[in-house]
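Single-structure report; data block below.
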Amino acid sequence: MRRRAIRVLKIGLMALGGGLLLALLLLVAGNAWVLQQTRQQIEPELSRCLAAPVGIVFGTSRWTRSGHPNPHFAARMNAAARMVRLERVEHLLISGDNRTRFYNEPQAMWQALNARQVPAEAMTMDFAGFSTYDTLARARDVFGVERAVLITQDWHLPRALLIADALGLEAWGCVAPTRPVDGLWRLRLREWLARLGTLGDLYVWGRDPHFLGPLEPLPVTPQGEASIEEVESTEEESPSSSLPGSLVPVTPQGEASIEEVESTEEESPSSRLPGPLVPVTPQGEASIEEVESTEEESPSSSLPGPLEPVTPQGQGE
């Protein structure tokens, strides 16, 4: 009985060891494949990065768990602002986590970039970038991005580029320079595990982003440029909209109102004369005839000077 228990234990330990070895091999092989697939798309020098219409900046916390400023956050913001200054990107899509009102990565990124002289019109915030996959899927399906440069740390770029390639995005990566920090080995180890999980997301069980939504193309994407041209074309087709003053009504009711007003003006030309209006009601016309009749009966009322007495006594004198 004891021998049997020992034998079962040995078999279990061998199976466990074999499983761990297989997992380790998968981890190493998967990471090696990801690095090999994406290494040609990564540029370590910002000044040598290829230009793109859009720069995608991945979110991270502004503060570490110990309450200190996060150097990875600052490095991404510095790199993104420099890319704008170097005119390597026209527009920044800043994407991060905003699951609650107490935690807002995109807003913190926007404030940091704006403080680095990046104009507000050159940035768009994505509040549903809960993961690297979500950020890139929404960049394609919500913001209409087709070509982009990805801005993040060197250990993060291979996974981000692998996802971008799988989604059909034309993308390359620019490394955000980061000074050495304590605990970096933990981030790199976590990234090794995340790369293996990403392979499963893309090629085994599949994955969908948490939220999508209606298309809201960035102004520098093909869809965004088409929308701008459509608006300009509409304005050209309606030149009256650019004239000063009040708008001319063009609805059927508005045209009918204009015709009615013109008809009334033709029937009452005196309404265009200065001064008080002449009464045109039946009572007003009767009053006018009465006045004219009175004037005809008393012509002297139109003569200048004082009136002479016409009484019998006056005639006798």
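Both backbone and side-chain heavy atoms feed into the values below; hydrogens, waters and symmetry mates do not.
Linking ILVMFWY side-chain heavy atoms closer than 4.5 Å, directly or via other members, places V84 and I151 in a single hydrophobic cluster. No continuous path of ILVMFWY side-chain contacts below 4.5 Å connects M125 to V142, so the two sit in separate hydrophobic clusters. Follow the hydrophobic side-chain contacts under 4.5 Å out from L150 and you reach V54 in the same cluster. Transitive grouping of hydrophobic side chains (ILVMFWY, heavy atoms separated by less than 4.5 Å) brings L161 and L193 into a common cluster. I94 and V220 are not part of a single hydrophobic cluster, where members link through side-chain heavy atoms under 4.5 Å apart.
Distance check, rounded to the nearest 0.5 Å: CG of L50 to SG of C174 gives 7.5 Å. Taking CG from D201 and CG from D208, the interatomic distance works out to 10.0 Å, rounded to the nearest 0.5 Å. Note that CG of L218 and CG of L92 are 10.0 Å apart. Values are rounded to the nearest 0.5 Å.
With sequence neighbours left out, R76 forms a salt bridge (charged side-chain N to carboxylate O under 4.0 Å, His left out) with no residue at all. For the salt bridge (charged side-chain N to carboxylate O under 4.0 Å, His left out) test, no residue two or more places apart in sequence or in another chain qualifies with R39. Among residues two or more places apart in sequence or in another chain, the side-chain hydrogen bond (donor to acceptor under 3.5 Å, both in side chains) test is passed with S66 by T64, H68. In this view, T135 and S95 satisfy the side-chain hydrogen bond (donor to acceptor under 3.5 Å, both in side chains) rule, not counting sequence neighbours. Looking at residues two or more places apart in sequence or on another chain, you find no side-chain hydrogen bond (donor to acceptor under 3.5 Å, both in side chains) involving R88. Considering only residues two or more places apart in sequence or on other chains, E191 meets the side-chain hydrogen bond (donor to acceptor under 3.5 Å, both in side chains) condition with R159.
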Evaluate side chain to side chain contact (heavy atoms under 4.5 Å, CB included) for T221 paired with E146, printing each intermediate quantity in order. CA-CA 7 Å; T221 60; E146 297 179 0; over 6 Å; no
Give the C-alpha distance, both sets of side-chain angles, the deciding distance and a yes or no for side chain to side chain contact (heavy atoms under 4.5 Å, CB included) between I6 and R2. CA-CA 6 Å; I6 294 174; R2 184 178 178 182; 4.2 Å; yes
Run the side chain to side chain contact (heavy atoms under 4.5 Å, CB included) test on R207 and D134 for me, step by step, so that the C-alpha distance in whole Å, both residues' side-chain angles and the decisive distance to 0.1 Å come before the verdict. CA-CA 10 Å; R207 178 177 178 176; D134 284 63; 3.4 Å; yes
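Counting all heavy atoms, side chain and backbone alike, A80 lies closest to V57 at CB-CG2, 3.7 Å. Contact detail for A51 and R147: the closest heavy-atom pair is O-NH2, 4.1 Å. Across every non-hydrogen atom of A137 and P209, the tightest pair is CB-CG, 4.0 Å. Of all the heavy atoms in R195 and P158, the pair that sits closest is NH2-CG, 4.1 Å. Nearest heavy atoms, A52 versus W172: CB-CZ2, 3.6 Å. For the residue pair N31 and W192, the shortest heavy atom distance occurs at ND2-O, 3.1 Å.
Side-chain atoms of E105 come within 3.5 Å of backbone atoms of D97 as a donor-acceptor pair (strictly under, hydrogens ignored). Looking only at distances, a side-chain donor or acceptor of R138 sits under 3.5 Å from a matching main-chain atom of L212.
Within 6.0 Å of the CZ atom in R190, the count of heavy atoms belonging to other residues, nucleotides or ligands does not exceed 12.
Sorted by first and then second residue, the ring pair (Phe, Tyr, Trp, His ring centres under 6.0 Å) pairs involving residues 146-170 (not counting sequence neighbours) are F58-H156, H72-W155. Sorted by first then second residue, the ring pair (Phe, Tyr, Trp, His ring centres under 6.0 Å) pairs that include residues 78-112, not counting sequence neighbours, number zero. Listed by first and then second residue, the side chain to side chain donor-acceptor pair (under 3.5 Å) pairs that reach into residues 41-53 are Q41-D165, sequence neighbours excluded. Listed by first and then second residue, the ring pair (Phe, Tyr, Trp, His ring centres under 6.0 Å) pairs that reach into residues 196-217 are F130-H210, F130-F211, sequence neighbours excluded.
By the 4.5 Å heavy-atom criterion applied to side chains, S61 and F73 are not counted as neighbours. Put simply, the side chain of D126 does not reach to within 4.5 Å of the side chain of P106, judged on heavy atoms. Side-chain contact between P69 and W63 is present, with at least one heavy-atom pair separated by less than 4.5 Å. Taking the side chain as every heavy atom from C-beta outward, M77 and M109 approach each other to under 4.5 Å. Here the side chains of M83 and L46 are in contact, with some heavy-atom distance below 4.5 Å. Within the 4.5 Å cutoff, side-chain heavy atoms of L136 are placed close to those of I56. Proximity of I42 to D154: side-chain heavy atoms (C-beta onward) are nowhere separated by under 4.5 Å. The side-chain heavy atoms of L199 and V204, taken from C-beta on, include no pair separated by under 4.5 Å.
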Could you pull out every donor-acceptor pair under 3.5 Å between side chains of residues 175-189 and any protein atom, sequence neighbours left out?
residue, atom, partner, partner atom, Å
T178, OG1, Q153, NE2, 3.0
T178, OG1, A176, O, 3.1

Please set out all donor-acceptor pairs under 3.5 angstrom arising from side-chain atoms of residues 21-30, sequence neighbours excluded.
none

